[in-house]
Student: 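Questions regarding the structure given below will be posed in turn.
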Amino acid sequence: MAHKILVIEARYYEGISDALLDGALAALHKSGAEVTKVTVPGALEIPHVISYAHAAQKGAAKAGFDGYVALGCVIRGETTHYDYVCEESARALMDLAVDHQLAIGNGIITVENEDQAWARAKSDKKDKGGFAANAVLKMIKIRNELGA
Ligand SMILES: Nc1c(NC[C@H](O)[C@H](O)[C@H](O)CO)[nH]c(=O)[nH]c1=O
Ligand SMILES: CC(=O)[C@@H](O)COP(=O)(O)O
């Protein structure tokens, strides 16, 4: 049975987002997953979409998504806004996963500069998008094995 995966990408940096998405989709397609993709303005909006999707499947006739992949890139600027974007997006994803037993792969890279971002986004480098996709597939398997 193919897993239904929702990929939420924050396209704040277009090229880096493309690289993250390439890695994530390669992993998901290799697994045979059925993929749906939603694009949001920035990393802070990613948890909103997961919350919306989860709420929408409560009581719905058909099953919802088996898991979620969050993709984004946060690069430090001049102010403390970086800290809030990084911490709040990560915290919200963790809270959603733990509070609602959701399988979420966090592919939001948080870096100091573009060079660091590219090194983590490219699928032939650290492939953080692919790692996040494989993480959610593994967590779906574990959740199913535990009967959660
Ligand atoms: N600076 C970055 C942001 N900032 C935008 C926020 O994520 C959010 O969209 C805004 O505050 C409106 O609610 N987002 C990123 O994804 N990456 C950044 O580097
Ligand atoms: C991570 C951010 O929000 C950052 O891009 C904002 O830049 P700045 O702190 O220079 O306003």
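Atoms within each ligand, like the ligands themselves, are counted from 1 in listed order.
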Student: Between I75, T110, L44, T79, flag the one that comes closest to atom 11 (O) of ligand 2 by a heavy atom.
Tutor: T79
Student: Provide the number and element of each atom of ligand 2 under 4.0 Å from a heavy atom of H81.
Tutor: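 Contacts of ligand 2 toward H81, numbered from 1: 2 (C), 3 (O).
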Student: Answer yes or no: is there an ion pair linking R11 with E14, defined by an N-O contact shorter than 4.0 Å?
Tutor: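 Answer for the salt bridge query: yes.
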Student: Tell me the protein heavy atom at minimum distance from atom 4 (N) of ligand 1, and give that distance in Å.
Tutor: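 Heavy-atom neighbour on the protein nearest atom 4 (N) of ligand 1: Y12 CE1, 3.5 Å.
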Student: As a quick check of understanding, evaluate side chain to side chain contact (heavy atoms under 4.5 Å, CB included) for I5 and E34, giving each step before the final call.
Tutor: CA-CA 6 Å; I5 305 296; E34 178 187 322; over 6 Å; no
Student: Please answer whether the main-chain N or O of V85 pairs with a side-chain N or O of S89 as donor and acceptor at a distance below 3.5 Å.
Tutor: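 Answer holds: yes.
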Student: With heavy atoms of I75 as the reference, note each atom of ligand 1 found under 4.0 Å away.
Tutor: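 Going through ligand 1 atom by atom, the ones under 4.0 Å from I75 are 19 (O).
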Student: Is there a nitrogen or oxygen of V85 sitting under 3.5 Å from a nitrogen or oxygen of ligand 1?
Tutor: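 In this structure, V85 places no N or O atom under 3.5 Å from an N or O of ligand 1.
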Student: Considering all heavy atoms of both residues, which atom of L28 and which atom of V7 are nearest to each other, and what is their separation?
Tutor: CD1-CG2, 3.6 Å
Student: Give a yes-or-no answer on whether the side chains of E9 and S17 include a donor-acceptor pair shorter than 3.5 Å.
Tutor: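 No pair is found: no donor N or O on one side chain lies under 3.5 Å from an acceptor on the other.
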Student: Could you check atom 7 (O) of ligand 2 against the protein and tell me its nearest heavy-atom contact, residue, atom and distance included?
Tutor: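 For atom 7 (O) of ligand 2, the nearest protein heavy atom is G77 CA, 3.7 Å.
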Student: Under 4.0 Å from a heavy atom of Y13: which atoms of ligand 1 are those, numbered in the order shown and with their elements?
Tutor: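 Counting from 1, the qualifying ligand atoms are 19 (O).
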Student: Quick check on contacts: which atoms of ligand 2 are under 4.0 angstrom from a heavy atom of V74?
Tutor: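 Taking each heavy atom of V74 in turn, ligand 2 has 1 (C) under 4.0 Å.
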Student: What residue and atom, counting heavy atoms only, is the protein's closest point to atom 13 (O) of ligand 1, and at what distance?
Tutor: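 Minimum-distance protein heavy atom for atom 13 (O) of ligand 1 reads E45 OE2, 2.5 Å.
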Student: Any heavy atom of Y82 closer to ligand 1 than 4.0 angstrom?
Tutor: no
Student: Counting N and O atoms only, with roles assigned by atom type, does the side chain of Q116 sit under 3.5 Å from a partner on the main chain of E112, one being a donor and the other an acceptor?
Tutor: yes
Student: Looking only at protein heavy atoms, identify the closest one to atom 10 (O) of ligand 2 and say how far it is in Å.
Tutor: E78 N, 2.7 Å
Student: Take every heavy atom of C73, measure it against each atom of ligand 1, and state whether any distance is under 4.0 Å.
Tutor: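 Heavy atoms of C73 do come under 4.0 Å of ligand 1.
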Student: Quick check on contacts: which atoms of ligand 1 are under 4.0 angstrom from a heavy atom of A43?
Tutor: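 Contacts of ligand 1 toward A43, numbered from 1: 7 (O), 14 (N), 15 (C), 16 (O).
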Student: Look at the side chain of E45 and the backbone N and O of G42, then say whether any donor-acceptor pair between them is shorter than 3.5 Å.
Tutor: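 Yes; at least one donor-acceptor contact below 3.5 Å.
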Student: Hey, is R120 close enough to D127 for a salt bridge, meaning N to O under 4.0 Å?
Tutor: no
Student: For salt bridge (charged side-chain N to carboxylate O under 4.0 Å, His left out), just list the numbers for R76 and D83, CA-CA rounded to whole Å, side-chain angles, deciding distance to a tenth of an Å, and then say yes or no.
Tutor: CA-CA 8 Å; R76 188 183 298 277; D83 301 307; 3.6 Å; yes
